[in-house]
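First the structure, in the form of structure tokens, and then the observations on it.
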Amino acid sequence: MCPATTSTAPAAPSEDGAALLAGLNPEQAAAVVHSGGPLLIVAGAGSGKTRVLTHRIAWLIRERAADPMGILAITFTNKAANEMKERVGALVGERLVGITRDAEGRMRPRRWGGMWVSTFHAACARLLRDEAPRLGYDRSFTIYDADDAARLAGLCIKDLGLDPKRVTPRGVAHAISAAKNDLVDFDTYALRADNWYERQIADVYRLYQERLHRASAFDFDDLLVKTVELLQLYDDVLAAYRERFAHVLVDEWQDTNRAQYELVRLLAREHRRLTVVGDGDQSIYRFRGADVRNILDFDKDFPDATRITLARNYRSTQTILDTANAVIAHNVGRIPKRLWTDEGAGAPVVRYTADNEHDEAAFVAEEVSRLAERDEVPSGDCAVFYRTNAQSRVLEETCIRLGVAYQIVGGTRFYERREIRDLLAYLRVLVNPADDVSAKRVLNVPRRGIGARTEEALDLFAGREGGSFLAACRRAEENHLLAPRAVGAVTDFVRLLDGLRTAVDAGELALRDIVELVWRRTGYMAELEAERTVEALGRAENLRELAGVAEDFTSLQPDATLGEFLERIALVTEQDSFDADGSRLTLMTMHNAKGLEFEVVFIVGMEDSVFPHHRSLGEPEELEEERRLCYVAMTRARRRLYLTNAWSRTLFGGTSANPPSRFLKEVPAELVEARSADHARPGPRAVGRQGADDGLGVGDRVLHPTFGPGRILEIGGRPGNEEALVRFDEYGAKRLLLAYAPMIRR
DNA sequence: ATCTGGAATCTTTTT
DNA sequence: GATTCCAGAT
């Protein structure tokens, strides 16, 4: 479309180099060989951008004699990183990029040498392992995830004596995270705070950051923020990394936030050997701080940048592309771009309108079976995408009932399970005794008779002495606030940890043995097994799986330390464990679908207020993001695309009838074939809430399943979160959230 | 200190 | 609907 002209590519590539360009279209080839200044590759969905990136890296190594050690490539997931490393390895030789393999041929990441290919977070964590002392953090720092961050925020709220009802841990953690994504420190935040709530947050933010530092812990955002801080603060460090990373390449540029942008700018500002790849139409992480402007404004920040657009699609049929093109064309804030292919029109898009979510799930499951039976498409090449995780349950149940094998990606994640977090918290305390959040987590888990009063007394002591929580435990007998029995219990706890640490420090134990030792010595496993409930046995099973994960990790990285294991766990994502399995249908959220592709894609729940999500309906910017999400989802499909909606749907404990998604109306009718399933039958129209417009009003008589009949006296609260004051005939006045209360008008 | 059951709370999406 | 929270009992 618009080939790079500023490139100063060598007149004739070597024979070797020519092979790298074979099979590439002119734009792709131009992107591969480009040299001289920053390069922005606008890569439409399915335009072969991974191929371009890998070939470009190979080109740099082979034709430009770039040192693989001097290449920093940033990907969106660890899985993508490994794939990229492997693909580059296949082009230039695995030894060059730092891949080694074990006896079974599995890729084994080498700790030293080779290219840096990883996510932003993993790269920063790796960098900080070396440089943390400069910032006054221990090298064995802990990484706090969202849950830990909320816990810590909760502790800070408590210590500041704020009302946890008005200033919630999660709310604060979210606000702090948003600030950090934007590189706003607590001083700046405090200055900008112009209302009561923000001033409270500012106070918590300050204390929160102090606590993190004392615990030698970085939260997720800190990995980025502190790396930026490090590079801004120390010229010699910046110079060293600039020199080291002679080439910087970033994938999924449209989903970078301010902190990531700044990091890239710092590293590449001088040498300007920067390649970014992205597609503004696929920006779907605004809520996480991604700034679309990073891609829209790239030319402003790097005026000498070359822009190459890849619009030729190698994945989907023209029908699917036309569908996606038509939908995304409704967005105002975008650079126009039209995907095309010469693969032909292919099958029409199938529309199915279900009675309810059960009918919808049955349609999907039956269609998947039918495609498999007719040998058209194996189930493993089909995927179902939904907007929210809550929608997966009915799909799962239906698949089980109809005997369709499936795998689910996302949802409640393994590492978020309580028992896993408990055990990891023990491991974290062993590695980093200053980690107060983890220490408090395990203080009384399993129960050992240490309650809230004891914890408070220990906290006070720690605050007075300025030491860690664990240090306060260690000096329990000096603590006058503690009853003798509590002193005994706390001392036992300290002994337990010391015993574990001695065993670990001896260096004889494999990671797996350490995991087992923890659950044995703490009595955690014994307690679960004694409980004999299905749930407890499941938890026990999960712990064993964690031991298995530890063993796998050791086999990939034989000399791995406990700290490295923990870091790995902190940075893996759900996507990383996804393995397209040839035989099973895949279920996942649309967000998780990013970067993947399937022969057949079902997008379910295409109703206004499910998708687009109701929280986006009033906000034009949010709605555009939903539309981009729709575009991402549609362009995952290679051959067939199904779009389904349901007349009525029970979600979050309430049934509602939502109109078909506005995105459906944006699909040209001539591309669509409506399908009515054999089992289709007119179902009873559900009586229920119809979104805010059709909502209840003051004076309405209502019926509540628990409180019975009543009358609405007033409606107040924040928009979108209205609260109704209802006087129930038998139960008196209650305040209920309008959006969630299962009330109907009568 | 811990257990319990009923009530309140909340749900986008996640590196 | 499912988890989390909290008061009151043990």
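Chain letters run A, B, ... following the sequence lines, proteins first and then strands; every chain starts at 1. Computed over heavy atoms, backbone and side chain alike; hydrogens, waters and symmetry mates excluded.
The aromatic ring of F287(A) sits over the base of dT13(B), with ring centres less than 5.5 Å apart and planes inclined by under 30°.
No engagement by F611(A) is indicated, since no non-hydrogen atom pair under 4.0 Å with the nucleic acid exists. E622(A) comes within 4.0 angstrom of a base, heavy atoms only. Looking at heavy-atom distances under 4.0 Å, R170(A) makes contact with sugar-phosphate atoms alone, never a base.
Within residues 172-182 of chain A, no residue has any heavy atom under 4.0 Å from DNA chain B.
Checked by distance alone, H591(A) brings no side-chain donor or acceptor within 3.5 Å of a matching partner on the base of dT14(B).
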Would you tabulate the pairs of protein nitrogen or oxygen atoms and nucleotide nitrogen or oxygen atoms of nucleotides 1-4 of chain B closer than 3.5 angstrom?
from   : atom 1 : to      : atom 2 : distance (Å)
dA1(B) : OP1    : G451(A) : N      : 3.0
dA1(B) : OP1    : T454(A) : OG1    : 3.2
dT2(B) : OP1    : G449(A) : N      : 3.1
dT2(B) : OP2    : N444(A) : ND2    : 3.0
dC3(B) : OP2    : R447(A) : NH1    : 2.8

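Under the salt bridge (charged side-chain N to carboxylate O under 4.0 Å, His left out) criterion, E83(A) pairs with K79(A), sequence neighbours left out. Applying the ring pair (Phe, Tyr, Trp, His ring centres under 6.0 Å) test to F461(A) and every residue at least two apart in sequence or in another chain returns nothing. For R448(A), the side-chain hydrogen bond (donor to acceptor under 3.5 Å, both in side chains) partners at least two apart in sequence or on another chain are Y426(A). Listed by chain and number, the residues in a ring pair (Phe, Tyr, Trp, His ring centres under 6.0 Å) with F120(A) amount to none (sequence neighbours excluded). By the side-chain contact (heavy atoms from CB on, under 4.5 Å) test, Y415(A) pairs with I420(A), L424(A), L546(A), V549(A), I569(A), V572(A), sequence neighbours left out. Taking E397(A) as the reference, R393(A) meet the salt bridge (charged side-chain N to carboxylate O under 4.0 Å, His left out) condition, with sequence neighbours excluded. Residues meeting the side-chain contact (heavy atoms from CB on, under 4.5 Å) test with T398(A), sequence neighbours left out: A361(A), A362(A), A365(A), V394(A), R401(A), L402(A). Every residue was checked against the salt bridge (charged side-chain N to carboxylate O under 4.0 Å, His left out) condition with E624(A), not counting sequence neighbours, and none meets it.
Here the side chain of E626(A) pairs no donor or acceptor atom with the backbone of S616(A) at under 3.5 angstrom.
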Salt bridge (charged side-chain N to carboxylate O under 4.0 Å, His left out) evaluation trace for R421(A) with D148(A): CA-CA 10 Å; R421(A) 298 192 64 93; D148(A) 302 313; 2.9 Å; yes

Pairing string, 5' to 3', for DNA chain B - Watson-Crick or wobble contacts under 3.5 Å, brackets [ ] where pairs cross, | to another strand: ||||||||||.....

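The salt bridge (charged side-chain N to carboxylate O under 4.0 Å, His left out) pairs that include a residue from residues 251-264 of chain A are K49(A)-D251(A), K49(A)-E252(A), E252(A)-K594(A), D255(A)-K594(A), R258(A)-E262(A), E262(A)-R265(A), where partners are two or more places apart or lie in different chains.
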